[in-house]
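Each remark here refers to the structure printed beneath this line.
Throughout, a chain's letter reflects where its sequence line sits, starting with A, and its residues are numbered from 1. Model, not experiment: these values are computed from the prediction.
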Number of protein chains: 2
Amino acid sequence: MSGGPHEARAAGRRGGGRPARRAGARCTRDEILGAARDCFAERGYDRATIRGIAAAAGVDPALVLHYFGSKEHLFGDALKVPVEPGQVLRRVMDQRIDDMGPTMVRTFLEAWEPEESRSPLVAMVRSAMTNETAMALVREYLGRRVFGPITQALGAPDAELRATLMGSQFIGLAMMRYIARIEPLASASVDELVAAIGPTMQRYLIGDLGGGASVGG
Amino acid sequence: MSGGPHEARAAGRRGGGRPARRAGARCTRDEILGAARDCFAERGYDRATIRGIAAAAGVDPALVLHYFGSKEHLFGDALKVPVEPGQVLRRVMDQRIDDMGPTMVRTFLEAWEPEESRSPLVAMVRSAMTNETAMALVREYLGRRVFGPITQALGAPDAELRATLMGSQFIGLAMMRYIARIEPLASASVDELVAAIGPTMQRYLIGDLGGGASVGG
DNA sequence: CGTACAATTCAACGCACGTTGAGTTCATCC
DNA sequence: GGATGAACTCAACGTGCGTTGAATTGTACG
């Protein structure tokens, strides 16, 4: 099931590594994907249109469907996150425990700063707000790839709460800085934000949360 | 300009305080507003439809436009926030300075917890993600009614950064708890969250942000 | 009673959307 | 050099949307 005609990939297949059919206009598929990422990021799932994406890529709307089958499928493919969370986590976990909070903030910001990796992330957050499919996708993804490992690494009984607290500060930061672009947060330097938010993360990671047990009592 | 036929209000005008024309079905306008709030909150501006709102209110779609003129105008009216920020701020500012952070968190949560006041807030956040008008509206509103007063009260040179840092934690909390409903944050008690996030707010309010002066150098 | 007018509905408009299927072009393979 | 099949376009479909204007209902006032 779900084996639409769009499943067949463009290059390869026949000759081995030969160029695709149309000379000079080969990587159309990737251009569509890029345009889709931009549009989804800029407008969210619902306001982004196949027609708009096609126009941005300079092709016919039908070609988009030819490659990706449906808008929802295109969205799924455009959402492939350019940041490998496992790798990110390893980098953070390699730090001395006292530096983990600030390192998390810096790593997070470095993932968001470049324009090309920001797009799919903005698309993810923005679309998750209105689209149930996107929301479920994001929730599952974050749970399995981000919060899960952190929870496991922490080992504390309230690890899951800690992980989601960190998530809340991160998602809020992303929204204010990259989506709503509210000043002066939008223009603050990475160092400034690491200094400001790092301790928050540190506390959520291993500090006393006051409600339970760990340190203070 | 913008003086559409919908501007004229329902009751009053002629006799003084007499009931409206149609007996038994008087407060239709308010029911439409309520349905609009629910729909905007549940689906966001774009996915919410006039037809859906009308159906939820049990009336004809045309009646919605008759009262509110346009979808955008209806959205504006539905967005009237049930929380008076000035009043909230006064409550916070009345605290001893050491308790202001936790009090802010508690006040914030108490504004979001009740279902009837949560709807327009969720609508606000959700719609601001995809709709440019809503985003501008929210940004202007927050700036003038929330961040502005806080900034002024703090008096510090980095007050604006502090205000937006607080905003980022709040918006992230709202998204994780009330919109994405990610556990265990979604089910944590208010007290638990006040204990966990209160110190964060306190630090953003008057603590050392590390980037400038006191410690860390 | 008759006029006036708010409340409400009905039927339709034009538009933009996602999607489809048939058609065209062109590099490759026998 | 004809067959193949991918890359790509064109024209159209059905649907649901926001919005409109005329028509209907029912109450209050002269």
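Separating the CZ atom of A:R29 from the P atom of D:dA7 is a distance of 10 Å, rounded to the nearest angstrom. Distance, B:H66 NE2 to D:dA22 P: 15 Å, rounded to whole Å. Atom-to-atom, CZ of B:F68 to P of D:dG18 comes out at 15 Å; the value is rounded to the nearest Å. One atom, CG of B:L74, and another, C1' of D:dC17, lie 15 Å apart when rounded to the nearest Å. Separating the CG atom of A:L63 from the P atom of C:dG18 is a distance of 15 Å, rounded to the nearest angstrom. The separation between A:E31 atom CD and D:dA7 atom P is 15 Å, rounded to whole Å. Counting to the nearest Å, the P atom of D:dC17 and the CG atom of A:D46 are 12 Å from each other. If you take CG of B:L65 and C1' of C:dT8, they are 13 Å apart, rounded to a whole angstrom.
Between A:L209 and A:R203, some side-chain heavy-atom pair lies under the 4.5 Å cut-off.
The nearest pair of heavy atoms linking A:E113 to A:R118 is O-NH2, 2.9 Å.
Nearest-nucleotide mapping onto DNA chain C: of B:P61 and A:Y45, the residue sitting toward the 5' end is B:P61. Place B:R47 and A:G58 on DNA chain D by their nearest nucleotides, and A:G58 ends up nearer the 5' end.
Within the 4.0 angstrom heavy-atom criterion, only backbone atoms of the sugar-phosphate kind lie near B:A48; the bases stay farther away.
When distances are taken from the side chain of B:K71 to each of C:dT20, D:dT19, C:dT8, the shortest belongs to D:dT19.
Residue B:T28 places at least one side-chain N or O under 4.0 Å from the OP1 or OP2 atom of C:dT8. Distances shown here put a side-chain N or O of A:Y67 below 4.0 Å from the OP1 or OP2 atom of D:dC8.
A salt bridge is absent between A:E183 and A:R177; no separation between the charged side-chain nitrogens and carboxylate oxygens falls under 4.0 Å.
Using modelled atom types, one finds a donor on one side chain and an acceptor on the other under 3.5 Å when comparing B:T200 with A:Y204.
A cation-pi arrangement is absent between A:K71 and A:F40, since the terminal nitrogen or guanidinium carbon is not both under 6.0 Å from the aromatic centre and inside a 45° cone about the axis.
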Anything under 3.5 Å between a protein N or O and an N or O of nucleotides 11-16 of chain C, put it in a table, one pair a line.
none

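One N or O on the side chain of A:R37 and one on the backbone of A:A78 form a donor-acceptor pair closer than 3.5 Å.
Note on ring orientation: taking the six-membered ring where Trp is involved, the planes of B:F75 and B:Y45 are perpendicular (angle over 60°, cut-offs 30° and 60°).
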